[in-house]
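Lettering follows sequence order; numbering is per chain, from 1.
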Number of protein chains: 2
Amino acid sequence: MINPTEQPLSAYTQIRNVLPPGEFFTVEQGKEFSTLEIAYETYGELNEKRDNAILLLHALSGDAHVKSHGPDDLMGWWEYFVGPGAAIDTDRFFVICSNVIGGCRGSLGPASIDPQTGKPYGLKFPVITIQDMVRAQRLLVNSLGIEKLYAVVGGSMGGMQALEWSLTFPDLVEKVVPIATTARLSSQSMAFDVVGRHAIMSDPLFNDGNYYDSKDTRISGLSLARMIAHITYLSEDSMNYKFGRKLQKSDRLKFNFDTEFQVESYLHYQGQKFVSRFDANSYLYITKAMSYFDLHSRANDDLAKVFANARSQFFIVTYLSDWLFPPEQGREIVNAIRNNGLHVSYVNIPMMFGHDSFLLDEEYLPQVVKEFLYEGRDDI
Amino acid sequence: MINPTEQPLSAYTQIRNVLPPGEFFTVEQGKEFSTLEIAYETYGELNEKRDNAILLLHALSGDAHVKSHGPDDLMGWWEYFVGPGAAIDTDRFFVICSNVIGGCRGSLGPASIDPQTGKPYGLKFPVITIQDMVRAQRLLVNSLGIEKLYAVVGGSMGGMQALEWSLTFPDLVEKVVPIATTARLSSQSMAFDVVGRHAIMSDPLFNDGNYYDSKDTRISGLSLARMIAHITYLSEDSMNYKFGRKLQKSDRLKFNFDTEFQVESYLHYQGQKFVSRFDANSYLYITKAMSYFDLHSRANDDLAKVFANARSQFFIVTYLSDWLFPPEQGREIVNAIRNNGLHVSYVNIPMMFGHDSFLLDEEYLPQVVKEFLYEGRDDI
């Protein structure tokens, strides 16, 4: 398998217009689209009853390629979580993963061609919401001949989408697994995104989002945004454990401004790698969608009321060391669901690696998610 | 009093060369200076015994102007903490505050003229350390006719300097008050500074530190660095309390990328204000000095050994909600000092405003610091 650095789309990524002929897709902001291209991948087989489909939902920087399709394929972002016998068992379930709209990995987004101008939308693309993403996903699911999903599973922004599925389409999803997520960003989490967006927009190379024809599209503001965000994905303990104050190459201080500490070269590397694979405009649109996501606001800050029409079974997962979306925010969701007499399980996983723990190859999360998904499904 | 926005130096700031004739000042990195200009202010009167002098030590973005000298003067950064009858009582003590070397508020730093070229040093200025800052302060104190300080008091980077005074000049300071500080930056705290420095250095206007002759010196990378840092100065609770998710001007989402949330306009304002009063090169030098500060490394990670030669009385102050330099890091210092049988008091102030709590006009800190300073000084 090939490590997904500077990765092109996987050869297994399919792109299709999911709009039925003659229909339009209207986003919350109001703009209508007459075609809606979605990049997606599938794993396993849809059964005859068409009731074994699971939709996986990616985080900010993820895409449709959740898992490699074979030894010659690129590794996916949840490689070990999905597969034959894995937590998301592709021998039993038909697994779908798509790139969110607003993204830059094949789905409709700011880099798509605006039919009115023949050029990429750039910042003329409408600001979209998590609900817009989910409504586009529903059209994809329908276009695959599936009416109802067995489950939706996602972490971080993928968890927001999972919650949104249970609210926008309460009868169309049986089990919902939001992981390391929140019903709304705190002021602090929003602030980190604010600075990231500001870094991009104040970079001269960004040029108001019109950089697709430029020779140099390595926007350092995007690299900075990623570096800032990356700090929030790790816990203080895990950073101390991984890097501490260790120097990169020598045991003596350099007394200059070259890259010197390990944490410094790690963050620089993460930033540079990201610029080579992600679109700056998409970063703006996706983080803005996260900032706009606010379930509390839908019922005057009474989160329990927001879940009044939900019908699914829930399994909420938080991580003890996640300070971006801390466990309290997960428990708030658990309580809101429980107040409606709905089935909700909850686990706060005591791992030290912070917000990004759910992406690691470890044993806890796969085991508990597997149990939740298998419960009541002896038939498959 | 005039609010210190876009402030020039106070009319009361004095600048003097503190080097005795014929002497040199050599920084840790090796470079020798034949003059050492320090900007400072004094308050109150030195007594006859010359034993009532207190040196106040400023944080990253502070300067010598700790307190206004009258109603026509600019407000200082610790306005309510210093003055007649205040915690630092200028009726009893002779109070000195100076701008650190490496800074941009009158003391020797990267904007100073390099006598060899007749131009500002820029990045030719040597990387300095907290110890270099403290050694320069000692020369200032001596030049004012004072051999021994009654106390040193400082928060954040000022607290690092306070600790350094107790170690570099153990017999020259009686009482030491490090507030909201640490014996070394954690990997996470260092990471925020890494990104801030990267933001400055990757800004085209920075031009490798040679921007003093430019028409446009409003380096947006410095603004970004300040925005990032500002998040770390506040607690999550205080940000939720101050801004929450409130919109700036309207009750409807804008669906564009203009400044929209209150936390967004606040951070933009902080960033812009900072650029108009602070030098980007100084930001690099001062944050690097903080990154290099590592007391543990001086005795193979055994902090108690580091304080083996200390002689002062200590009063360590932390803030419960400070996640930049969390209370554990303060208690580590307390334990190290206590292991040497030295006098050390400690308080963890239960305020919710995060790291910057010590700069607020409140009652707790002034009271406890005042008590510590008065103890055993009925004579003044």
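- Side chain of B:R245 to main chain of A:L185: a donor-acceptor pair is present (N/O by atom type, distance under 3.5 Å, no hydrogens or angles).
- Neither the backbone nor the side chain of B:P126 has a heavy atom closer than 4.5 Å to any heavy atom of chain A.
- With a 4.5 angstrom heavy-atom cutoff, B:N256 touches chain A only via backbone atoms.
- Within residues 189-202 of chain A, the residues having any heavy atom closer than 4.5 Å to a heavy atom of chain B are A:M190, A:A191, A:F192, A:V194, A:V195, A:R197, A:H198, A:A199, A:M201, A:S202, listed by residue number.
- Across A:K242, A:E260, A:H296, the residue that shares the most heavy-atom pairs under 4.5 angstrom with chain B is A:E260.
- Crowding of B:K249 atom NZ: a count of heavy atoms from other residues, nucleotides or ligands under 6.0 Å not exceeding 12.
- The 12-atom threshold is not exceeded at CG of A:N300, counting heavy atoms of other residues, nucleotides or ligands nearer than 6.0 Å.
- Among A:I128, A:V263, A:L224, the residue with the largest count of heavy-atom pairs under 4.5 Å with chain B is A:L224.
- There is no contact between B:Q262 and chain A, counting heavy-atom distances below 4.5 Å.
- Interface remark: of the candidates B:S220, B:S238, B:G244, B:P326, B:G244 forms the most heavy-atom pairs closer than 4.5 Å to chain A.
- For the atom pair A:S187 OG and B:F261 CZ, the distance stands at 10.0 Å (nearest 0.5 Å).
- Within the 4.5 angstrom heavy-atom criterion, no atom of A:S297 approaches chain B.
- Annotation for B:I231 and A:Q188: closest pair CG2-CG, 4.0 Å, computed over non-hydrogen atoms.
- Only one option out of B:F125, B:Y285, B:F206 pairs with A:F257 in a ring-ring contact (aromatic ring centres under 6.0 Å, His included); it is B:Y285.
- One distance of note links CZ of B:F255 with OH of A:Y292; it measures 6.0 Å at 0.5 Å rounding.
- For a residue to count as touching a neighbouring chain, one of its non-hydrogen atoms must lie under 4.5 Å from one of that chain's; by this rule B:S186 touches chain A with backbone and side chain alike.
- In A:K31, the NZ atom is crowded: over 12 heavy atoms of neighbouring residues, nucleotides or ligands sit closer than 6.0 Å.
- At most 12 non-hydrogen atoms from other residues, nucleotides or ligands lie less than 6.0 angstrom from CD of A:Q116.
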